[in-house]
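These notes are about the structure you will find just below.
Letters A, B, ... are given to chains in the order of the sequence lines, protein chains preceding strands, and every chain is numbered from 1. Given the structure is predicted, the values throughout are model-derived calculations rather than measurements. Heavy-atom basis, side chains included; hydrogens, waters and symmetry copies ignored.
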Amino acid sequence: MAKELAKAYNPKEVEDRIYSFWLKGRYFHAEIQKDKKPYTIVMPPPNITGQLHMGHALDNTLQDILIRYHRMSGYDTLWVPGTDHASIATEAKIVEAMKKEGLTKEDLGREGFLKRAWAWKEQYGGRITEQLKKLGSSCDWERERFTMDEGCSNAVKEVFVSLYEKGLIYRGERMINWCPHCLTSISDAEVEYEEQAGHFWHLRYKLTDGSGYIYLATTRPETLLGDTAVAVHPDDERYKDMVGKTVILPIVGREIPIVADTYVEPEFGTGVVKITPAHDPNDFEVGLRHNLDVITVMTEDAKITEDYPKYAGMDRYEARKAIVKDLEAEGALVKVEDYSHNVGTCYRCGTTVEPRVSKQWFVKMKPLAGPAIKAVEDGQTKFVPKRFEKVYFHWLNNIRDWCISRQLWWGHRIPAWYCDDCSEITVSKETPTACAHCGSTHIHQDPDTLDTWFSSALWPFSTLGWPENTPEFEHYYPTNTLVTGYDIIPFWVMRMMFSGIEQTGKVPFDTVLIHGLVRDEQGRKMSKSLGNGIDPLKVIDEYGADALRLMLATGNSPGNDMRFSDKKVEACRNFANKLWNASRFVHMNIDDYDIKNELPSELETEDKWILHTLNNVAKEMNENIQSFELGIAVSKIYDFIWDCYCDWYIELAKARLQGEKAQSARQVLVWVLDKALKLLHPFMPFITETIWQTLPHADNGETIMLEAYPTYDESLCFEDAATRMEIVMEAIRAIRTRRSEMNVPPSRKAKVYIATEKKDVFEGGTPFIIKLASASEVEIGSEFEIDGAVTIVTSDAKIYIPMEELVDKEAELARLNKELAATKKLLSQSEGKLNNPGFISKAPEKVVETVRGQAAKEREKIELIEAAIAALK
RNA sequence: GAAGGCGUAGCUCAGUUGGUUAGAGUACUUGCUUGACAUGCAAGGGGUCGGUGGUUCAAGUCCACUCGUCUUCACCA
């Protein structure tokens, strides 16, 4: 069967079949195994509105590599998948769809709307998880969770109530970021700032006592309607006498005070600021300090309220124009300047955020941030790369209270009830029937829902059954590795940290593996608006999931952004094909024989060399993966398979497969391929499984997924044989190079004379020199005198190839002299080091030894070259 | 304004705790229908590791300064 394997690897033929095979075998499923060490990852839950993009592909590839590696390494491995309800995104999507039918949320009512939202979730919510399967993600689908499922909802209520009871959740009237389009509050982290061209309107306010004017400037003249003061810096000499006086607010005619506050920068502008406590966060603070009135002048959708009939109903930008015009008419406008400034926008819809005073629920952050900072400082949780700890600390050190209420319906409803009689709040996990304070039954629940991130923050433990002390929670928590992009450290990582510590008393994971963004070929961020996003599913379709995974796992280092390019995926696809064909070669040579996956009792030098090399690769890969150097790890097995196994071992074996030692060659071919497939499996699961299943392996092995990951094996260390092999390989390369330089085609064979002191090494290597260096015959001796021969010198031999018609004695001499000079230069460098007393006394023994050996080789080589030159003359 | 990243071959990027003559992929040049693979094989050219100074026996790697570039956070109305 294997002999009929297609000439090129076709991932489409195998991927779906293999994935179903894995599912059917339930190999992804975790059952608690108390005798094994657990290894747990919780998947960052993609939004149910989402489509798989390159970011997910990268994130999940890295997780799958870690999971598969640990599963093969004997851990009780659990990868919990799931999705996020994404309150604001989902609600926006549904409202939009309803709009097309001419419906609004209010038309359906809360219940009707939620019914519709759940239906939408049922229909589309699983789309992204299906897409994740195409990547080969080996998550435990039987444990798939959703942030709004019953368990997660219980956890949310539990946490809300507990934080409320500890006084860490409060309701208060604060300045919050309000999105006039989404009609909800959003948290500080959800505001994105962008530079916008605007204007600076310079105004003058008349002092009430008629002593003149005070000059100031604003970027938002429309907020003037809500001004309740003008502020200057207390130490500003220019205005010292004015503090305490009042001015007349233009248009409105209100008399407002001039107050002194250090918030004002005397250097900036005129050093005078108009204060609108209801519509600017800084002004709000000033207002609190000076006991100013808070006058809201805008409605929720950012239109001027009925309190100002002249402008009522105008949106903020219309009102701005109208007010500027009126200011001008009144003579209050001094001048207009162009001015570019940063404006906060809603991360979801891009609408300019309107700061607004409103009653919202907040989490008190200071007491929660402290332990979260300490946990990372103490190393209970480590960031990889470490530098991202700074980002984490920066956020936590500068954190403000977290606004968690959202004026949305899709989400976890806030478990708080208000009493219509005594106005007290009852917070409870269970729906109360009466006010906890006065016993009145006239209570109503808060209409708001919680920030999506409130439930995501609990994900590492809510998915394991918390607040119940389930066996899963007991066994798999704390989780091990959290894999995510640096862009969501403030949104998510930080919140999981303080939530985990506060609720469970333990950090939620020991390591945070941070990766960068996948950018487009020109290095731009992939975005919907640019339309430059690359669909991972299309890439999988064209090149295969393994190729995509390999591309994502290599070519960049942790935490750095990477560029996507077809060329890179193509190179990875070629590697898959290379491996496929190597396996095809193995099959062609073993299928007619009885081959077991075990090493022969007698090993040849080349066998020892490949085993020795493989053994070192296994050792290093384990180290690399354990320290999260996944890209380095996979490049090692890539190089091994391509350069060592294919380009050398298979070629070496070809000579042997015709002779009497064929059987042992077959055994080694299979054995090494088997190990190499296992080493590669976490990175390229589909092709490795496919090939592995066709190879001889122990009867109990159903899947490579559950095979042991190869580790270092003392008995496979063949230092000496490996060196002997390398000597022969060096000679082969040297001969090839010379032939190539002289444009001799491989078809033109020539006899090769090797003068060496290591005769046995070259005797063993003779068949390889014949096969791989186009030699017709090899003669080995101590010294040769040959006229008109091409001369090649390696560190261990002088090689002559008699090809008289090609030999230009002069050129040959020139080349040897050049090489002599180069080698002498190297030697003088080495000797320079060795003659340096500082080097000898301070460098480690190992390094000194290496340089000594090097110098010795160089001396030897110089002797050989000199002898060759003498012979030529 | 603050913090951080990046600068290594034409291009995209590796380079692990400082330690042989700095690597890969791709592109380029040359030669090969070599019974696994042209999605391939063999060989080659191409780098003063952004610059200057310092630490060290030893610097692409550590430190200081500097130039260029990108990102995040903050922000003065």
For [N], give its Watson-Crick or G-U wobble partner with both distances under 3.5 Å, or none.
N     : answer
B/G46 : none
B/G10 : B/U26
B/G35 : none
B/G1  : B/C73
B/G19 : B/C57

Exercise. Assign a letter to each nucleotide of nucleotides 4-14 of chain B from its 5' end: B, base within under 4.0 Å of a protein heavy atom; S, sugar-phosphate only; -, no contact.
Key: SS------SSS

Touch check for [X], heavy atoms < 4.0 angstrom, all strands: base, sugar-phosphate only, or nothing?
X      : answer
A/A8   : base
A/P844 : base
A/K771 : nothing

Quiz item: Should A/L695 and A/L673 count as side-chain neighbours, where that means a heavy-atom distance under 4.5 Å?
Solution: yes

Quiz item: A/V670 versus A/R666: any side-chain heavy-atom pair under 4.5 Å?
Solution: no

Distance check, [atom1] atoms only: [N] and [M], in whole angstrom units.
N     : M     : atom1 : value
B/A9  : B/G5  : C1'   : 23 Å
B/U30 : B/C67 : C1'   : 41 Å
B/A42 : B/A36 : P     : 14 Å
B/G60 : B/A3  : C1'   : 25 Å
B/U61 : B/U8  : P     : 14 Å
B/C73 : B/U12 : C1'   : 29 Å
B/C6  : B/G35 : C1'   : 49 Å
B/A27 : B/C41 : P     : 13 Å

Which of parallel (below 30°), tilted (30 to 60°) and perpendicular (above 60°) describes [X] and [Y]?
X      : Y      : result
A/W580 : A/Y9   : tilted
A/F388 : A/Y486 : parallel
A/H202 : A/F200 : perpendicular

Exercise. Give a yes or no on whether A/R400 atom CZ has more than 12 heavy-atom contacts from other residues, nucleotides or ligands under 6.0 Å away.
Key: no

Self-check item: Nearest-nucleotide comparison on RNA chain B, the residue closer to the 5′ end among A/P558 and A/F575
Solution: A/P558

Quiz item: Does A/F768 have A/K654 sitting over its ring (NZ/CZ under 6.0 Å from centre, angle to axis within 45°)?
Solution: no

